Number of protein chains: 2
Amino acid sequence: MTNINDIAKMAGVSVSTVSRVLNNYKYIAKDKRESVLKVIQEMNYTPNKNAIDLVRGETRTIGVILPYNNNPAFDQLLNGILNKALENDFSITVLPSNYSKEKEVEYLQKLKSKLYDGIIIASRANDWETIIPYSDYGSIVSCEYTNHKEIGCSYMDRYSSYLDAFRFLKNKGHQVVAFTTARLESNSTKQMIGAYNEIFGELQPEYHITGCSCLEDGYEVAGQFLLLPERPTAIYANGDEVAGGIYLYAKSQQLKIPTDLAIIGQENQPIGVGMGISTVDHQLMKVGEQACSLAIKKSREKVKIPYHIVERDSV
Amino acid sequence: MTNINDIAKMAGVSVSTVSRVLNNYKYIAKDKRESVLKVIQEMNYTPNKNAIDLVRGETRTIGVILPYNNNPAFDQLLNGILNKALENDFSITVLPSNYSKEKEVEYLQKLKSKLYDGIIIASRANDWETIIPYSDYGSIVSCEYTNHKEIGCSYMDRYSSYLDAFRFLKNKGHQVVAFTTARLESNSTKQMIGAYNEIFGELQPEYHITGCSCLEDGYEVAGQFLLLPERPTAIYANGDEVAGGIYLYAKSQQLKIPTDLAIIGQENQPIGVGMGISTVDHQLMKVGEQACSLAIKKSREKVKIPYHIVERDSV
DNA sequence: CTAATTTATGAAATGCATTTCAAGTCAAGA
DNA sequence: TCTTGACTTGAAATGCATTTCATAAATTAG
């Protein structure tokens, strides 16, 4: 492979001059610039990006720690991140964690080893104490709120949104409400339960089913909820796919929606549009975009992304 | 930042020895190894990955050119790629192209600049003549078949699968069949039309609607198809989401499935399971896994991934 | 007790481009 | 004419770790 030295020799100039041509430096004699350009062309030369990154100390690459990628919510997030990265000429490396603490630390080490300029944490398994020390080596942005000053956040106020959603159902006259979540141990599940308790009083465990993520889960879960002695009149699903499953099951049982059963989903996914499912839109794409902006700017701001309830025909 | 020189000085050894410790070289005196390790620990030292990549000439990173990422098919592909990369300790950088020729070339340039060891092309806008020269600089793997020997392929035999699917519909007694596609100019659309013509004779343009990708598209498109003077009795949708939309529209019109209208989807997506939609499973996750394996092995093999029709209740 | 290995370590070369420092030319302003 | 600022260029330092080459000591084999 030809390198900058070869080019310099062949063009009869110093490497500095070649580098200047490469970087569009202002003050270069026209003839030298041209002869350098000619040699570059002839030799089909491309600068080695690793050398550049090494000397510049930055890679214009951001790593995104993502528990799963075949998940509509994380997908929206990633989408927003990719949009913003593209806009700013940054690259995105996907770091699948599957919520493994070891993997997460491994990825943070890569930040330390200068492979990424920053890391966006979509969701995490480690506690902040483990993560924070790495903020010395690049920007770390979380998609979940934390008040640690070392960490930038692009987040939505889940607790408020859950309160609002439950209040919305209550105002529509629902007394017996059930809900689904994805992971029992997750932060959002905790907030969900907290919000539920605040609006409807102490949660009876049978009105909460966890481990839901897709349409089929919703379909199955709906069956369970509807078999309850005192069956819920409304269900808050953790995603419109799940909501769609509930919807389909309810329909299959000749239930009328929203009269017999109200359903509200989350994240305003395509499936909900066609089915007319009301949803809590947390604007995850915007959360992703903002997270990426913060990472690029190396900002440690805390930016709250507004959510809103999209009313359709299922509540 | 401390570097390997600092460590060497502090431990009273040469950089070679430090490097050997770092790389678990066999022949090092126990005491020296320990003192090096101690200094590394004390200084909280992590080697600079850019320097390593530069000197080793490889990054263990693969770029994936992906037109869109919020697309179920590409998502499955990416998922397979990520799985295999994780398994082999490779990183994946997502390169969103939006089918822009310039972007694609820009990404291929990054291969040349040694940023990636290989590139996987999920789908492309450029012709092969533009792409092939870059295969000198790393492995290029396509998720679409090509007989160019420079390019590795992990692909499914779309034409055969389309033939099979249409034959399947014909054998069920369907004479008037419609279908949807995503992009008019895409390769798969061309193959689809070819297969249609082969099974059902010259395609009447009104039986083909393009630009479909989600449930709503399906919903809308179903309306159009069903208004046709001679309405189709079966529809092949380019994805189960689209099929789901068609299904829902048909149901809303009190049509019985599969009696009044048969629907077959594609890619065996979650939504189809719950709705009982038959589908042509191209095993895109496997295609992705295989593509990643080829890229890692720098192999230019052509690997065909088998498809199969999953019969459920919609045909 | 040699000859041949194995063990152990450092100096220097290598991979590659950027950037600072120093220095030179030339033209314009005082 | 002298100074100053705009241009122009190259040598050398810098960023950092790996690897080859050379060498020396300690074993093992014959």
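Just so it is clear, the structure is predicted and the values come from calculations on it, not from any experiment. Each chain gets a letter, A, B and so on, in the order its sequence line appears, and its residues count up from 1.
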Exercise. Take atom NZ of B:K26 and atom P of C:dT9, then tell me their distance rounded to the nearest Å.
Key: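 Answer to the nearest Å: 15 Å.
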Quiz item: Could you state the NZ-C1' distance from A:K32 to C:dG24, rounded to the nearest angstrom?
Solution: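 Distance check: A:K32 NZ to C:dG24 C1' gives 12 Å.
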Quiz item: Going by atom types only, do B:S97 and B:Y107 share a side-chain donor-acceptor pair under 3.5 Å?
Solution: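 No, no side-chain donor-acceptor contact under 3.5 Å.
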Quiz item: What does A:N23 touch in the nucleic acid at a heavy-atom separation under 4.0 angstrom: a base, only the sugar-phosphate, or nothing?
Solution: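 Contact class for A:N23: sugar-phosphate only.
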Residues that [X] engages under side-chain hydrogen bond (donor to acceptor under 3.5 Å, both in side chains), provided they are two or more places apart:
X	answer
A:R158	A:Y162
A:E87	A:K84
B:R124	B:E144
B:D117	B:T59

Quiz item: Please, which pairs that meet salt bridge (Lys or Arg N to Asp or Glu O under 4.0 Å) have at least one residue in residues 46-61 of chain A, sequence neighbours excluded?
Solution: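 Applying salt bridge (Lys or Arg N to Asp or Glu O under 4.0 Å) to every pair that reaches into residues 46-61 of chain A, excluding sequence neighbours, yields A:K49-A:D53.
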Listed pairs under 3.5 Å, donor-acceptor, residues 286-296 of chain B side chains, sequence neighbours left out:
{"from": "B:K286", "atom 1": "NZ", "to": "B:Q283", "atom 2": "OE1", "distance (Å)": "3.3"}
{"from": "B:S293", "atom 1": "OG", "to": "B:E289", "atom 2": "O", "distance (Å)": "3.3"}

Practice problem: Using a cut-off of strictly less than 4.0 Å between a heavy atom of the residue and any atom of DNA chain C, enumerate the qualifying residues of residues 51-58 of chain A by number. | Solution: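 Going residue by residue through residues 51-58 of chain A, the ones with a heavy atom under 4.0 Å of DNA chain C turn out to be A:A51, A:I52, A:V55, A:R56.
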Quiz item: Quick one, which residues of residues 3-17 of chain A touch DNA chain C with a heavy atom under 4.0 Å?
Solution: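 Only A:N3, A:I4, A:S16 qualify.
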Practice problem: Heavy atoms of chain A, cut-off under 4.0 Å: which first and last nucleotide of DNA chain D, 5' to 3', fall inside that, if you could look? | Solution: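 Reading along DNA chain D, I get D:dC7 to D:dC16.
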Give every donor-acceptor pair under 3.5 Å between a side-chain atom in residues 37-46 of chain B and any protein atom, sequence neighbours left out.
{"from": "B:N44", "atom 1": "OD1", "to": "A:K112", "atom 2": "NZ", "distance (Å)": "2.6"}
{"from": "B:N44", "atom 1": "ND2", "to": "A:Y137", "atom 2": "OH", "distance (Å)": "2.9"}
{"from": "B:T46", "atom 1": "OG1", "to": "A:K112", "atom 2": "NZ", "distance (Å)": "3.0"}

Quiz item: Got a sec, which residues hit side chain to side chain contact (heavy atoms under 4.5 Å, CB included) with B:E106, two or more places apart in sequence or on another chain?
Solution: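 Side chain to side chain contact (heavy atoms under 4.5 Å, CB included) list for B:E106, sorted by chain: A:D89, B:K103.
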Exercise. Sequence neighbours left out, what pairs pass side chain to side chain donor-acceptor pair (under 3.5 Å) with at least one residue falling in residues 125-136 of chain B?
Key: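 Only B:E104-B:N126, B:Q109-B:Y134, B:D127-B:T130 qualify under side chain to side chain donor-acceptor pair (under 3.5 Å).
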Quiz item: If you pin B:Y25 and A:M1 to their nearest nucleotides in DNA chain C, which one's is more 5'?
Solution: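 Counting from the 5' end, the first nearest nucleotide belongs to B:Y25.
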